[in-house]
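Starting from 1, each residue takes its place in the sequence as its number.
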Amino acid sequence: MKSAKIEKGINGIINIPGDKSISHRSIIIPSISNGVCEVSNILKSEDVINTLNAFRALGVKFEETKEKLIVYGKGINSLKKSNDNIYLGNSGTSARLLIGLLASQKFDSVLTGDSSLSLRPMERIVNPLNLMNAKIDTNSGKMPIKIYGNDLKNTEIEIDIPSAQIKSGLILAALNTKGKTKIIEKHTTRNHTEIMLESFEANIDLKKNDNKTEITIIGKKELTPKNIDVPSDLSSSAFFIVAALINKNSEITLKNININPTRNGILIALKKMGANIEIINNRFINNENVADLNVKSSQLNGCELDEDLAKLMIDEYPIISIAAAFANTPSVFKGLKELRVKESDRLNLIKI
C-alpha cells in the first residue's frame with residue numbers, strides 16, 4: 001500500500017528588509033537635525049539610495065558601515081546648494097518630500113528623475129506649497145522641477161488627496177517656516193513623518209477632529225537627533241504572507257514588522273478573508289508599532305474592501321488580488337484610482 005503524498009509547504013522564520021517609507025525619512029529628518037544620528041536596518045534600495053545621494057549633494061555627511069548609516073545633521077536651515085541637478089531616479093517619495101523641504105531653503109534647486117518619475121503628477125504638492133508663497137516651476141505639472149529658495153509664509157492648508165507624500169512635503173516645508181502652519185488632512189495616510197518628528201522633538205501637534213487630522217507645526221525649531229532602528233517592511237512582508245496562506249502545510253514567522261495602524265490594511269483585509277495570522281510580541285520602537293507575525297496556510301473567502309481601507313493598503317492591492325484569486329468566493333475592491341498614478345498603472349497590471 002502506497003503512503004499518501006504529503007505536500008510540502010512554506011515554513012520557517014523570515015527576516016524582511018527595512019521599511020522603505022521609514023528609510024527615506026531616516027535620511028531626510030536626521031539630515032536636517034542638529035547633530036549625529038545612527039540608523040540601523042535601513043533599506044538600501046535604489047529609491048532610498050537616490051534620497052541618500054540627494055542629501056550628499058546638499059552637503060550632508062554620511063558614514064556607512066555594514067550595520068549602520070551614520071548621519072551628521074546640518075540643522076533645519078543649513079543645507080547647501082547642490083553643484084548639479086538632483087537626480088531622484090524613480091522615487092516619488094524622494095521627489096515630493098524634497099520639493100517641500102527645498103522650497104524653504106536659501107538657494108535654488110532643480111530636481112530630475114527617470115522617464116517614469118517624469119510622467120508622475122507633481123502639481124499635487126506644488127499647488128499647496130504655492131499657498132505658502134513657494135516659488136516653483138514645473139514642466140506642465142511634472143518633472144524636471146526648479147525650486148527657488150524663498151521665505152515661506154505660515155498658513156492653513158487642507159489636503160483633499162489621500163497622500164502621505166503631499167502631507168510630508170508640506171510638513172517639511174513648515175519646519176523651516178516662521179510661525180504656525182496648520183495642515184488639515186481629510187483622509188488617513190501613513191504618519192511616519194509625524195512620528196519621527198515627534199521623536200526628534202519638533203514643535204508639532206496632532207489633533208483628531210471627526211474624520212480629519214489637524215497637524216500644527218511651529219517652525220524654526222532645531223531638531224534633536226535620536227538613533228533610529230528601522231522596522232521591517234509590511235509591504236514586502238505581504239508577498240510572503242500571501243504565499244504561506246495559499247500553500248498547504250505552511251507556517252512562517254516574520255520578525256520585527258512595522259504594523260503602524262495607518263498602513264496595516266493588508267492585515268485587516270486578509271483577516272477579513274479568513275487568514276490565520278497571529279500578531280505576537282507587540283511593542284513600540286522609535287514610537288513605531290512593531291510586532292512579529294505568525295502566518296499559517298488558510299482557506300480564504302472573498303470579501304468586499306471599501307474606499308477607507310484602500311487608504312491603509314494602497315500598495316498591497318496587487319498582492320491581495322492574488323489572495324483573492326485563490327479565495328472560495330468573489331472579492332470586490334473599491335477606491336483604487338491612486339493605483340493609476342504610481343510608478344506604473346498598477347490597476348491595469350492587476351487586470352492583465
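Using a 4.5 Å heavy-atom threshold, the side chains of Asp233 and Ile257 count as separate. Between Asn256 and Arg283 the shortest side-chain heavy-atom distance falls below 4.5 Å. The side-chain heavy atoms of Ile42 and Ile22, taken from C-beta on, include no pair separated by under 4.5 Å.
You'll find the ring centres of Phe62 and Tyr72 outside the 6.0 Å limit.
Other residues, nucleotides and ligands place no more than 12 heavy atoms under 6.0 Å from the NZ atom of Lys153. Crowding of Lys207 atom NZ: a count of heavy atoms from other residues, nucleotides or ligands under 6.0 Å not exceeding 12. Within a 6.0 Å sphere centred on NZ of Lys221, other residues, nucleotides and ligands contribute more than 12 heavy atoms. Other residues, nucleotides and ligands contribute over 12 non-hydrogen atoms within 6.0 Å of the NZ atom of Lys226. Phe240 CZ: 12 or fewer foreign heavy atoms inside a 6.0 Å radius. Counted within 6.0 Å of NZ on Lys142, heavy atoms from surrounding residues, nucleotides or ligands total more than 12; the atom is thus considered enclosed. Counted within 6.0 Å of CG on Asn85, heavy atoms from surrounding residues, nucleotides or ligands total more than 12; the atom is thus considered enclosed. Other residues, nucleotides and ligands place more than 12 heavy atoms under 6.0 Å from the NZ atom of Lys81.
For the pair Asp205 and Lys180, the salt-bridge criterion is not met [side-chain N within less than 4.0 Å of a carboxylate O].
Checked by atom type and distance alone, the side chain of Asn176 pairs as donor or acceptor with a backbone atom of Ser104 at under 3.5 Å. Side-chain N or O atoms of Ser250 include none that pairs as donor or acceptor with a backbone N or O of Lys296 at under 3.5 Å.
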